[in-house]
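Heavy atoms only: backbone and side chains are in, while hydrogens, waters and symmetry mates are out. Position 1 is the first residue of the sequence, and the numbers go up from there.
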Amino acid sequence: MQCHYCDETASVAAESDGIKVGLCEDHFQERLEELAESDALDELRESVDVDHQE
């Protein structure tokens, strides 16, 4: 799979509603940094309850 943003091979792929998008390592890191600077990451943490231990 190819990165959504460039011609590199995707290191990570995400799928939602049957749509799959790949990201190379560099673009994956960029997107993580953008998420970390926004409220979206906190909202995601709450929705998946990442702190919950069974």
Side-chain angles (χ1 to χ4, degrees):
M1 175 177 277
Q2 183 177 338
C3 178
H4 179 72
Y5 296 103
C6 68
D7 293 330
E8 295 292 321
T9 300
S11 300
V12 177
E15 184 174 355
S16 179
D17 296 326
I19 298 171
K20 192 179 254 187
V21 176
L23 296 172
C24 68
E25 187 68 31
D26 290 338
H27 284 114
F28 178 69
Q29 287 295 332
E30 286 178 17
R31 294 297 294 145
L32 280 179
E33 289 171 10
E34 289 174 14
L35 282 171
E37 294 171 357
S38 73
D39 294 334
L41 191 56
D42 288 334
E43 293 170 11
L44 180 62
R45 276 191 187 109
E46 289 176 15
S47 70
V48 296
D49 194 18
V50 294
D51 295 327
H52 177 72
Q53 302 229 347
E54 291 185 24

Item to check | Shortest non-hydrogen contact between C6 and C24, atoms and distance | outcome: SG-SG, 3.8 Å

Next on the checklist: Could you list the cluster mates of L32? Members are the ILVMFWY residues connected by side-chain heavy atoms closer than 4.5 Å, either directly or through other members.
Outcome noted: Y5, V12, L23, F28

Next on the checklist: For E34, give me all partners under salt bridge (Lys or Arg N to Asp or Glu O under 4.0 Å), at least two apart in sequence or on another chain.
Outcome noted: R31

Checklist outcome for this item: For residues 10-28, the salt bridge (Lys or Arg N to Asp or Glu O under 4.0 Å) pairs (sequence neighbours left out) are none

Checklist entry - With sequence neighbours excluded, what pairs up with D7 under the side-chain hydrogen bond (donor to acceptor under 3.5 Å, both in side chains) test? => result Q2

Checklist entry - How would you list, by chain and number, every residue that makes a side chain to side chain contact (heavy atoms under 4.5 Å, CB included) with E30, sequence neighbours excluded? => result H27

